[in-house]
2 protein chains.
Amino acid sequence: MTLDERKRQILQSIIKDYVETAEPVGSRAVVRKHDLKISAATVRNEMADLEEMGYLEQPHTSAGRIPSERGFRYYVDCMMENETLSEEQLEDLRKAITSSVRDLDQVIAQIAQFLSQITRYTSFVIVPSVSATQFRYLQLISLNPGQALIILVTDLGVIMHRKIDIPLSVTNEDLENIGSLFNKVFASRRLDELRRTDLRALREELYQRRNVIDTALDALELLLQSSKEERVVVSGVLNLLNEPEFKDLEKLRRFLSLLEEEGAIKNRLPQDIGDNVNITIGRENPEDMKDMSVVMAGYKTFGEMGKIGVIGPVRMEYWRAAGTVEAVRDLLKETFY
Amino acid sequence: MTLDERKRQILQSIIKDYVETAEPVGSRAVVRKHDLKISAATVRNEMADLEEMGYLEQPHTSAGRIPSERGFRYYVDCMMENETLSEEQLEDLRKAITSSVRDLDQVIAQIAQFLSQITRYTSFVIVPSVSATQFRYLQLISLNPGQALIILVTDLGVIMHRKIDIPLSVTNEDLENIGSLFNKVFASRRLDELRRTDLRALREELYQRRNVIDTALDALELLLQSSKEERVVVSGVLNLLNEPEFKDLEKLRRFLSLLEEEGAIKNRLPQDIGDNVNITIGRENPEDMKDMSVVMAGYKTFGEMGKIGVIGPVRMEYWRAAGTVEAVRDLLKETFY
DNA sequence: GTTAGCACTCGACAGCCAAGAGTGCTAACA
DNA sequence: TGTTAGCACTCTTGGCTGTCGAGTGCTAAC
């Protein structure tokens, strides 16, 4: 399975050219463009070998060769060197991430945008649920007669809130009392430990307002439920249009509706990848992403694993994508946790 | 400028057919499909007249005719009857809007989604700034040593928040004091009246914590600033792909990058339309939307004007789009405000 | 083992032709 | 005077053909 130096060089040249031009590359072109010290005929022999080994394929007789998925896989595994980001780009990103005034949602959006801008592919950021974090603060605020707002703050500064309907007779004071009761009972509990059963006592203590408490608990439960969902942010979908493989509208539509479908990408990504940079090429992905490649990495925030990555055509600049994803992951690593 | 009954009927038939098929429609087809009681030859004469008047045009000799933008304009102004929604659809929407547990952002997303789903075009919802609403509540919550969260609630239940850095020496008690001071000073003020100058007094009252107050004020200012921005939600971009006019990738890309550009659509929509249903066709729009049509309506929430609408090709089912937009506007009218 | 030469293959592209859809015009008709 | 049938004409569409060029595989010479 190991290739000699010349074959490796030829494979690499073909990959680079093909990724750049999206056209099959011929023997003559490869020699000329990369200043190889051998003749086109020799290259042809080597290419025939590489094809037999499954690293190249020919769309039809008398076209040039294109790298097969297996060829890309070999390149990625055995030859690739990640391209590094410029100091300037890193600085930009660092600024976006650490600016403490912005909240989590915005930071995530920024990261996704950064990834897609630098790589020119479609990027995604998956943020783990916040359920494992700690409860910091709960507040009930009256809005109009009959409506109140329940606000829940976790120690990461994540805020969840929801409107609830309350009886007209409930006073501001009532709300305050109930709120401080909640706080007392829940102080510094982990969100995933909050269970309705823990709240019996609370309910009995303020019996005459139990319907308010019940409503609040319902709302709380809904909030907790939604906090369990990972969030997925996608950016740079437009970049797809630059790739000639998407001149086929049907393909484009299929992929776009995949992206639009709630949770669809998330489920189609490899699981349990740790925090390494992981690359899946073409048919290594699930059926409906079989002509895309994914370059992704895990990152850890507050004990949970999230994922970042980019999605592009199989004919992808893996070296650049992997370098960028890696750099972003490292930055997340040193910033969060 | 007024057409006789037969011309109107022919124009209408051609519009309906063309909108449906996206192909030029010929005289024979029109007679057959719409059971007109006249012959194709007569229709040909009428069509020639309509063309001369500018309501139809011919892509080339010996193709059928297609409605010109002026033809669509005439139809929309003088002949169109809005299609009404089914009771069922209205009920769905009403439920989505009024479910009081969901917050504003979600309701908006729902409305946009509803619009795009029913019309099968791309929809947008522009939400006016909340700056004119009243301040209800402000809270400072400590997160970690050195970090706090400032939360601002308006009486509509809109929540704005931001992390701030604070000196390590600031205690929870300090935060509480500052918070209640803010509340005292601002109680029930309109957001657009909050000005830094009003806060002199406050700053002096807690002189030893003035740096915290300043930080909080900075954050507050940023929040108010962002609250002044209208939000724009777009939904159903995918629907574009169904329209044959977007088989041209270049066109598609241009429009998509328009959508991605912050505030771009907003600036390209007609201003000051009141709450009527307003239709702009093709070149009536700004240059870079000159082959799109927009059907939109204004709606009033809490004293400010917002907009809802759909964007599609010139070859649009105006009757359906207008009916839907109108229905949603009416529902918003009776629900909000 | 490498290279040059050469015949062969196949896709891309332009040109051509036939079919079909639709028109405009004219003459006949009510 | 408005309506209709007939007919010649126009223009697009799709299929077919032949040419061109890129690229290959094979063979023989180095």
Side-chain angles (χ1 to χ4, degrees), chain A residues 3-11 13-18 20-68 71 244-245 247-248, chain B residues 2-11 13-18 20-68 71 244-245 247-248 315:
Chain A
L3 302 180
D4 65 40
E5 194 42 50
R6 197 168 65 184
K7 281 199 175 54
R8 289 166 61 94
Q9 193 172 7
I10 291 175
L11 179 57
S13 301
I14 292 175
I15 286 178
K16 295 267 173 180
D17 280 8
Y18 176 66
E20 188 181 331
T21 64
E23 310 247 300
V25 3
S27 51
R28 249 168 59 92
V30 132
V31 174
R32 221 177 321 143
K33 185 137 182 213
H34 297 267
D35 270 338
L36 301 190
K37 297 286 175 280
I38 49 182
S39 80
T42 311
V43 172
R44 278 204 287 280
N45 289 330
E46 298 285 37
M47 280 161 91
D49 289 353
L50 285 169
E51 183 171 0
E52 199 169 340
M53 291 186 246
Y55 296 131
L56 295 179
E57 49 197 32
Q58 231 175 343
H60 48 266
T61 356
S62 102
R65 304 295 209 297
I66 64 176
S68 66
E245 16 275 287
K247 71 176 196 303
D248 174 6
Chain B
T2 167
L3 303 181
D4 64 41
E5 193 43 47
R6 196 168 66 185
K7 282 198 173 59
R8 287 165 63 93
Q9 193 173 6
I10 290 175
L11 179 57
S13 302
I14 291 175
I15 286 178
K16 295 267 172 177
D17 280 9
Y18 176 65
E20 188 181 330
T21 65
E23 310 250 297
V25 4
S27 52
R28 252 169 59 92
V30 131
V31 174
R32 220 178 321 141
K33 185 136 183 211
H34 296 268
D35 268 338
L36 302 190
K37 297 286 173 281
I38 49 181
S39 79
T42 310
V43 171
R44 278 205 286 282
N45 288 330
E46 298 286 38
M47 279 162 92
D49 289 353
L50 284 168
E51 183 171 359
E52 199 169 342
M53 291 187 248
Y55 296 130
L56 296 180
E57 47 196 32
Q58 231 174 344
H60 49 265
T61 354
S62 105
R65 304 295 210 296
I66 65 176
S68 66
E245 16 275 287
K247 69 176 198 302
D248 174 7
R315 183 187 60 80

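Lettering of chains follows the sequences in order, A, B, ..., and the numbering in each one begins at 1.
Separating the CE atom of Met47(B) from the C1' atom of dA21(C) is a distance of 12 Å, rounded to the nearest angstrom. Rounded to a whole Å, the NZ atom of Lys7(B) is 13 Å from the C1' atom of dT3(D). Rounded to an integer number of Å, the gap from CG of Asp49(A) to P of dT24(D) is 14 Å. For Glu23(B) and dT13(D), the CD to C1' distance is 11 Å, given to the nearest whole Å. For Lys33(A) and dG23(D), the NZ to P distance is 13 Å, given to the nearest whole Å. Taking atom CD of residue Gln58(B) and atom C1' of nucleotide dT12(D), one finds them 13 Å apart after rounding to whole Å. Across the protein-nucleic acid pair, Arg28(A) atom CZ and dA22(D) atom P stand 8 Å apart, rounded to whole Å. For the pair Arg32(B) CZ and dG22(C) C1', the interatomic distance rounds to 12 Å; values are reported in whole Å.
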Kindly give the atom pairs (protein nitrogen or oxygen, nucleotide nitrogen or oxygen) under 3.5 Å for nucleotides 4-8 of chain D.
{"residue": "dT4(D)", "atom": "OP2", "partner": "Ser39(B)", "partner atom": "N", "Å": "3.2"}
{"residue": "dT4(D)", "atom": "OP2", "partner": "Ser39(B)", "partner atom": "OG", "Å": "3.4"}
{"residue": "dT4(D)", "atom": "OP2", "partner": "Thr42(B)", "partner atom": "OG1", "Å": "2.4"}
{"residue": "dG6(D)", "atom": "O6", "partner": "Arg44(B)", "partner atom": "NH2", "Å": "3.4"}

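Side-chain atoms of Lys7(A) do not come within 3.5 Å of backbone N or O of Glu5(A) as any donor-acceptor pair. Remark: the backbone N or O of Glu57(B) is not paired with any side-chain donor or acceptor of Ser68(B) at under 3.5 angstrom. Counting only distance, with no hydrogens or angles, the side chain of Lys33(B) and the backbone of Val31(B) share no donor-acceptor pair below 3.5 Å.
Applying the 4.0 Å criterion to OP1 and OP2 of dT12(D), one finds that Ser62(B) has every side-chain N and O outside that range.
A distance of 11.0 Å separates CD1 of Ile14(B) from CD of Gln9(B), quoted to the nearest 0.5 Å.
In this structure, the side chains of His60(B) and Pro24(B) stay at 4.5 Å or more apart for every pair of heavy atoms. Using a 4.5 Å heavy-atom cutoff, the side chains of Thr42(A) and Arg6(A) are in contact. In this structure, Arg8(B) and Leu11(B) have side chains that are not in contact, with every pair of non-hydrogen atoms separated by 4.5 Å or more.
Contact between Pro244(B) and Arg315(B) at its shortest, heavy atoms only, is CD-NH2, 3.3 Å. The minimum heavy-atom distance linking Ile66(B) with Pro59(B) is given by the pair CG2-CG, 4.5 Å.
Which of dG25(D), dC10(C), dT10(D) sits closest to the side chain of Thr61(B) comes down to dT10(D).
Listed by first residue number, the stems of DNA chain D with at least three Watson-Crick or G-U pairs below 3.5 Å are C:1-30 with D:1-30.
Residue-to-nucleotide proximity on DNA chain D shows that, of Ala63(B) and Pro24(A), the 5′-proximal contact is made by Ala63(B).
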